[in-house]
Amino acid sequence: FSVEDTVPEHREIKISPDQRIIKVTFSNVIDPDTITDKSVKIEAHPATGYDPNVSDIGRINKFLLVSGDTLYILLQSGEA
């Protein structure tokens with residue numbers, strides 16, 4: 001069981017701020033019971049890139065949808 005594809009791509013840069021959906025395609029069908037708010041973590045990092053010295057950037061609210069082998073993550077505005 002592995003990630004086959006993501007849109008946008010992992011660590012992609014210059015993504016439009018209007019991009020509100022992350023699509024993750026896996027190698028097998030996903031059990032929807034395993035996809036929870038706690039099991040899916042979305043991190044916000046500075047526009048300059050990942051900085052291991054910066055912690056607690058902020059949690060991003062999200063809505064999760066599973067369809068077969070694909071997980072759709074809809075990013076919500078505001079912080080949790």
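What you see below is based on every heavy atom in this structure, not just the backbone, and it leaves out hydrogens, waters and symmetry mates. Residues: numbered from 1 along the sequence shown.
- Among residues two or more places apart in sequence or in another chain, the side-chain hydrogen bond (donor to acceptor under 3.5 Å, both in side chains) test is passed with Lys41 by Glu43.
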Which pairs of donor and acceptor atoms, one on a side chain in residues 21-30, lie under 3.5 Å apart (sequence neighbours left out)?
{"from": "Ser27", "atom 1": "OG", "to": "Ser2", "atom 2": "N", "distance (Å)": "2.9"}
{"from": "Ser27", "atom 1": "OG", "to": "Ser2", "atom 2": "O", "distance (Å)": "3.4"}

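- Proximity of Leu74 to Leu65: side-chain heavy atoms (C-beta onward) are nowhere separated by under 4.5 Å.
- Considering only residues two or more places apart in sequence or on other chains, Thr34 meets the side-chain hydrogen bond (donor to acceptor under 3.5 Å, both in side chains) condition with none of them.
- Tyr72 and Phe1 fall into different hydrophobic clusters, where Ile, Leu, Val, Met, Phe, Trp and Tyr side chains are chained together by heavy-atom contacts under 4.5 Å.
- Between Leu64 and Ile35, the closest heavy-atom pair is CD1-CG2, 3.8 Å.
- Distance alone, capped at 3.5 Å, places no donor-acceptor pair between the Ser67 side chain and the Thr70 backbone.
- In the hydrophobic clustering of this structure, Leu71 groups with Val3; members are Ile, Leu, Val, Met, Phe, Trp, Tyr whose side-chain heavy atoms approach within less than 4.5 Å, directly or through other members.
- Atoms CG and NZ, from Leu75 and Lys62 in turn, are 9.5 Å apart once rounded to the nearest 0.5 Å.
- Placement of Phe63 and Ile42 in two distinct hydrophobic clusters is found when ILVMFWY residues are connected by side-chain heavy-atom separations under 4.5 Å, directly or transitively.
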